[in-house]
Amino acid sequence: MADTDASNNQRIRQVVLAIPAGQVATYGTIAEKAGLGRAARRVGHALHKLPADTRIPWHRVVNAQGHLSLPKNSDAHATQRERLKLEGIEFSVNDKIDLRRYGW
DNA sequence: GTTATGACGCCGT
DNA sequence: AACGGCGCCATAA
């Protein structure tokens with residue numbers, strides 16, 4: 001496998017797809033699972049570039065703080081939150097997810 | 001070509 | 001707990 005950007009991107013997608021429903025993974029974890037080391041940022045960008053019709057469950061990706069990274073006023077943020085809730089993930093009053101419970 | 005920014009994380013203070 | 005600095009890497013300007 002060539003270490004091209006495309007293959008890296010594909011590895012990221014693969015890892016995200018492997019996240020079990022009802023659980024969430026952090027960017028850092030995904031980066032490590034994808035063999036990208038500590039390039040957590042790389043994961044964020046890969047997801048941001050995903051098309052709207054993607055089948056990737058990007059909503060299961062949150063940051064290490066346990067909350068959604070997208071801007072609060074953004075649609076994506078609301079969508080993500082809604083989907084996670086549908087999967088049985090609960091948010092605290094501070095819009096935070098308990099990673100110790102839902103973390104992959 | 002270089003510089004700045006970002007869906008991030010870790011560590012030190 | 002909060003804030004700043006550094007690393008890491010892709011994309012935009």
Side-chain angles (χ1 to χ4, degrees):
Chain A
M1 298 280 282
D3 309 6
T4 61
D5 301 321
S7 67
N8 284 335
N9 196 305
Q10 195 143 17
R11 266 188 295 238
I12 292 173
R13 293 190 228 170
Q14 185 63 47
V15 175
V16 175
L17 280 167
I19 302 172
Q23 292 202 312
V24 296
T26 67
Y27 292 94
T29 301
I30 292 169
E32 196 160 331
K33 300 256 185 202
L36 297 175
R38 301 177 179 112
R41 227 162 185 158
R42 178 85 180 70
V43 177
H45 274 195
L47 294 181
H48 192 203
K49 284 170 15 172
L50 287 174
D53 58 13
T54 186
R55 51 190 168 57
I56 312 289
W58 58 270
H59 54 270
R60 293 185 193 147
V61 184
V62 297
N63 59 24
Q65 298 172 89
H67 67 71
L68 311 186
S69 298
L70 296 134
K72 188 189 170 180
N73 54 342
S74 177
D75 286 23
H77 183 103
T79 302
Q80 180 172 18
R81 187 171 154 158
E82 185 99 353
R83 284 184 173 175
L84 289 174
K85 180 145 196 187
L86 286 173
E87 293 190 352
I89 295 173
E90 285 194 48
F91 289 77
S92 80
V93 293
N94 213 35
D95 288 321
K96 239 189 212 162
I97 297 174
D98 186 350
L99 290 178
R100 295 185 299 186
R101 183 174 166 178
Y102 299 109
W104 189 13

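Convention: sequence-line order gives letters A, B, ...; per-chain numbering from 1.
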Find out whether N8(A) and T4(A) are in side-chain contact, i.e. whether some heavy atom of one side chain is under 4.5 Å from a heavy atom of the other. no
Any side-chain heavy-atom pair from I30(A) and L36(A) closer than 4.5 angstrom? no
Looking at residues at least two apart in the chain, or sitting in another chain, which of them share a salt bridge (Lys or Arg N to Asp or Glu O under 4.0 Å) with E87(A)? R60(A)
Any residue of residues 32-47 of chain A with a heavy atom less than 4.0 Å from an atom of DNA chain B: A40(A), R41(A), G44(A), H45(A), L47(A)
Tell me which residues in residues 54-66 of chain A lie within less than 4.0 Å of DNA chain B, going by non-hydrogen atoms. W58(A), N63(A), A64(A)
Report yes if some heavy atom in the side chain of I97(A) is under 4.5 Å from a heavy atom in the side chain of I89(A); otherwise report no. yes
Yes or no on side-chain contact (heavy atoms from CB on, under 4.5 Å) for V24(A) and V61(A), after CA distance, side-chain angles and deciding distance? CA-CA 6 Å; V24(A) 296; V61(A) 184; over 6 Å; no
Can you name the residues that form a salt bridge (Lys or Arg N to Asp or Glu O under 4.0 Å) with R100(A), not counting sequence neighbours? D98(A)
D95(A): which of H67(A), R81(A), K72(A) passes side chain to side chain donor-acceptor pair (under 3.5 Å): R81(A)
Give the residues of residues 75-99 of chain A touching DNA chain C, defined as any heavy atom closer than 4.0 Å, sorted by residue number. none
Within residues 18-31 of chain A, find the residues that approach DNA chain B with a heavy atom at under 4.0 Å, and present them sorted by residue number. T26(A), Y27(A), G28(A)
Tell me: NE2 of H48(A) to P of dC8(B), nearest whole Å? 10 Å
When the P atoms of dA4(B) and dG5(C) are compared, how many Å lie between them, rounded to an integer? 15 Å
